[in-house]
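Chain A is the first sequence line, chain B the second, and so forth, proteins listed ahead of strands; every chain is numbered from 1. Atoms considered below: every heavy atom in the structure, side chains included; atoms not considered: hydrogens, waters and symmetry mates.
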Amino acid sequence: MLDIRFIRENTEAVKTAMKNRKAEVDIDAVIALDNRRREIVAEAEELKAERNRISKNIGQMIKEGKNPEEVKTQVREMGDKISAFDEEQREVEAKLKDGLLYIPNMPSATTPVGQSEADNPIVRSWGEKKRFDFEPKPHWDLGAELGLFDLERGAKLSGSGFPLFIGKGAKLERALIQFMLDLHTEEHGYTEIAPPFMCNAQTMTGTGQLPKFAEDMYCVPLDGLYPIPTAEVPVTNMYAQEILDRELPILHTAYTPCFRREAGSAGKDTRGLLRVHQFDKVELVKFTTPETSEAEHEKLTADAEKVLQKLGLHYRVIELCTADLGFSASKCYDIELWAPAQDKWLEVSSCSNFKDYQARRANIRYRNEEGKPAFVHTLNGSGVALPRLVIAIMENNQNADGSIDIPEALQPYMGGLQKLEK
RNA sequence: GGAGAGAUGGUCGAGUGGUUUAAGGCGCCGGUCUUGAAAACCGGAGAGGUGCAAGCCUCCGGGGGUUCGAAUCCCUCUCUCUCCGCCA
């Protein structure tokens, strides 16, 4: 959420930012609501101050044995006026809040302005494309042949997009999760969190999933709960409504399954594990001061990259331009893995700096150097998401005989196994 | 699922309709004293909104009601704790 005062004082900058984002929001309508709100507040407060004064006098009159009935009637009439103001104030504030919840974050000053994802600049790349002296097979063929997963049976249980892993395939999931959690906790200084996998509407609003993106999520209406689309949701909101007394930055990592309806992407990347409704992910979340968030964003991205370097996978980092930036993000790097059989780059991580946008929605504060409460900056990134990581490992490490080499760093987590084979 | 108890500031905790302008303790910050510290003593300090400011308004778990006036009385919801039942 943007600060209404910021919008009021920087109206043209906000409008330009929204245009660069290609976001259709009515900034003038929000400002008009704010103006009305302030008018109401001024009038209502004047009345309330007078009522408080007179009510005190009534107590005094009773003590002195005077009859207060005439004054009571007068104050009762004031009370009716105040009630009317209060009611209108509630209505206007609800509309204003709702309007603000639909306005995306301001892109950072360094975010490139662009028209589409084609304008996302490549920041850097690591490793190089592997050469094959045979035609590399797609992961869905390899997985079926080696018995690592059974997508048909997953679909039987839940529908397409709910993968079912078997044997060494299931163990590979578990090994990758543990490998990444160990890396981030032992070498990068994150504290591991095991959060709830379902959250309520308020929590979903705090990080920006609600109200605008309700159709992207699953929902359990009977209990008002949503299966989380990412660990970002519970881990960021764990400090909602709090003033943090702790030293910043706070670094958390969490493994969770993620549930996404993928509405609007029907028919796109449907084969194999490319785009699924349920997947595993290890997430990185940071809470920082405004002074350090940009540096922490670079470090967080590097922490995610480290996973891929240790696994020896060719990747590149791109920066999202204004047109492609996520709703709540101010600045974002995507990390993409090369998948040879797809002949494509696959996104495995989005590392975002949200500045104080989520903190304002979720009301997460710290005490600044003056001891005054101020909003923290929140950041997060996948460290990393599993399905496409598994795709890259399978397709890059395949051999002519259909076996797959397990990356050295992962072997201890696979009980010393070096190869996936029949 | 049933029965009961509770929710007050950073924390503990007092407060049954009008000097509550939320006492007091602990913790925190500043000062005096001290070589320095501790102790003692003195002082300071909540959050949000509005306003150029002085100030004013709101906030005692959330919401609603009674009243001239609510932390206090009534209704309702949420959460926590205790006991019982069921259960991996």
Side-chain angles (χ1 to χ4, degrees), chain A residues 1-9 30-101 194-206 210-211 220-226 234 237-248 250 257 287 356-376:
Chain A
M1 193 160 60
L2 296 181
D3 186 354
I4 183 62
R5 273 175 297 194
F6 177 83
I7 296 176
R8 201 192 299 155
E9 288 160 17
V30 167
I31 289 176
L33 283 168
D34 181 51
N35 287 339
R36 179 60 192 147
R37 178 186 68 93
R38 287 187 295 153
E39 279 172 21
I40 297 166
V41 165
E43 292 190 56
E45 285 192 353
E46 201 174 317
L47 277 172
K48 284 179 184 176
E50 198 181 342
R51 179 183 63 181
N52 289 348
R53 278 195 299 274
I54 298 176
S55 284
K56 241 171 233 179
N57 283 343
I58 291 175
Q60 199 60 36
M61 287 172 79
I62 292 170
K63 258 181 208 167
E64 291 168 4
K66 293 179 188 165
N67 183 354
E69 287 311 317
E70 197 178 318
V71 189
K72 275 193 187 181
T73 309
Q74 184 196 341
V75 180
R76 196 176 294 130
E77 281 165 14
M78 288 177 66
D80 292 343
K81 275 189 200 167
I82 290 170
S83 297
F85 275 124
D86 281 349
E87 194 179 334
E88 192 188 348
Q89 188 182 341
R90 268 197 299 277
E91 285 168 16
V92 170
E93 281 181 352
K95 278 185 201 163
L96 175 61
K97 180 88 188 284
D98 194 58
L100 287 172
L101 287 176
F197 298 161
M198 292 203 274
C199 291
N200 60 33
Q202 187 186 331
T203 300
M204 288 295 171
T205 305
L210 288 179
V220 184
L222 193 60
D223 298 291
L225 291 170
Y226 300 81
N237 283 287
M238 63 188 272
Y239 300 116
Q241 324 296 331
E242 293 187 36
I243 299 175
L244 297 171
D245 276 334
R246 300 167 50 185
E247 192 88 359
L248 296 178
I250 296 171
F287 304 82
D356 61 6
Y357 186 88
Q358 291 181 325
R360 187 171 283 107
R361 289 173 82 109
N363 196 21
I364 307 168
R365 294 176 293 173
Y366 76 111
R367 291 199 182 272
N368 63 20
E369 284 176 5
E370 292 157 16
K372 287 286 163 197
F375 291 111
V376 300

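Residues passing the side-chain hydrogen bond (donor to acceptor under 3.5 Å, both in side chains) test with A/Q74, sequence neighbours excluded: none.
For the P atoms, the distance from B/rG62 to B/rU78 is 15 Å, rounded to whole Å. If you take atom P in B/rU21 and the same atom in B/rU76, they sit 30 Å apart, rounded to whole Å. Comparing the P positions of B/rU66 and B/rG1 gives an interatomic distance of 33 Å, to the nearest angstrom. For the P atoms, the distance linking B/rG27 with B/rC42 amounts to 16 Å, nearest Å. Separation of the P atoms belonging to B/rG4 and B/rG9 is 27 Å when rounded to the nearest angstrom. The same atom, C1', is picked in B/rU50 and in B/rC60; the two are 23 Å apart, to the nearest Å. Between B/rU11 and B/rA22, the distance separating the two C1' atoms is 16 Å to the nearest Å. Straight-line distance between the C1' atoms of B/rG25 and B/rG15: roughly 15 Å, to the nearest whole Å.
In this structure, the side chains of A/L225 and A/N200 come closer than 4.5 Å at one or more pairs of heavy atoms. A/Y239 has its side chain within reach of A/I250: a pair of non-hydrogen atoms, C-beta onward, lies under 4.5 Å apart. Residues A/I4 and A/L96 have side chains in contact (heavy-atom distance under 4.5 Å, counting atoms from C-beta outward). Looking only at side-chain heavy atoms (C-beta outward), A/L2 and A/Y357 come within less than 4.5 Å of each other. Taking 4.5 Å as the limit, some side-chain heavy atom of A/I54 sits within range of a side-chain heavy atom of A/M78.
The separation between A/L100 atom CG and B/rG49 atom P is 13 Å, rounded to whole Å. Atom CG in A/L47 sits roughly 12 Å away from atom P in B/rU58 (whole-Å rounding). Summarising the geometry, the separation between CD on A/E69 and C1' on B/rG69 is reported as 14 Å, rounded to the nearest angstrom. Atom CD1 in A/I54 sits about 18 Å away from atom P in B/rU67, given to the nearest Å. Distance A/I40 CD1 to B/rU58 C1': 15 Å, rounded to the nearest Å. We find that CD1 of A/I58 is positioned 10 Å from C1' of B/rU67, with the value rounded to whole Å.
Atom CG of A/D3 and atom CD of A/E9 lie 8.0 Å apart (nearest 0.5 Å). To the nearest 0.5 Å, the span separating CZ on A/R8 from CG on A/N35 amounts to 7.5 Å. Expressed to the nearest 0.5 Å, how far CE of A/M1 lies from CZ of A/F375 amounts to 7.0 Å.
Annotation: of the two residues near RNA chain B, A/V71 and A/R8, the 5′-most nearest-nucleotide partner is A/R8. Both A/S55 and A/A42 lie near RNA chain B, and the one whose nearest nucleotide falls closer to the 5' end is A/S55.
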How would nucleotides 52-57 of chain B be written as a contact map, 5' to 3', with B for base contact, S for sugar-phosphate-only contact and - for no contact, using protein heavy atoms under 4.0 Å? ----BB
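Between A/D98 and A/K95, no side-chain nitrogen of the basic residue sits less than 4.0 Å from a carboxylate oxygen of the acidic one, so the salt-bridge criterion is not met. Checked for salt-bridge contact, A/K72 and A/E69 meet the test: a charged N lies under 4.0 Å from a carboxylate O. With respect to the salt-bridge test (charged N to carboxylate O, under 4.0 angstrom), the residues A/E45 and A/K48 do not qualify. At a threshold of 4.0 Å, the pair A/E43-A/K81 does not count as salt-bridged, since none of the basic side-chain nitrogens sits closer than that to a carboxylate oxygen. Remark: A/D80 does not engage A/R76 in a salt bridge, criterion side-chain N to carboxylate O under 4.0 Å.
Heavy-atom distances under 4.0 Å link RNA chain B to A/R37, A/R38 of residues 31-39 of chain A, given in residue order. For the contact set between residues 76-96 of chain A and RNA chain B, defined by any heavy atom under 4.0 Å, the members are A/R76, A/R90.
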Any chance you could lay out the side chain to side chain contact (heavy atoms under 4.5 Å, CB included) test for A/V92 and A/I40, step after step, and finish with the verdict? CA-CA 9 Å; A/V92 170; A/I40 297 166; 4.0 Å; yes
Worked verdict on A/E93 versus A/R90 for salt bridge (Lys or Arg N to Asp or Glu O under 4.0 Å): CA-CA 5 Å; A/E93 281 181 352; A/R90 268 197 299 277; over 6 Å; no
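The local environment of CD in A/E87 is sparse, with at most 12 non-hydrogen atoms from other residues, nucleotides or ligands closer than 6.0 Å.
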Pairs counted as Watson-Crick or G-U wobble with both distances under 3.5 Å: what dot-bracket string results for RNA chain B, using | for bases tied to another strand? ((((((((.[[[..)..(.....]]].(((((.......))))).(((((....))))).[[[[[..)....]]]]])))))))....
Output a table of nitrogen or oxygen pairs between the protein and nucleotides 44-47 of chain B separated by less than 3.5 Å.
from	atom 1	to	atom 2	distance (Å)
B/rA47	O3'	A/R365	NH1	3.1

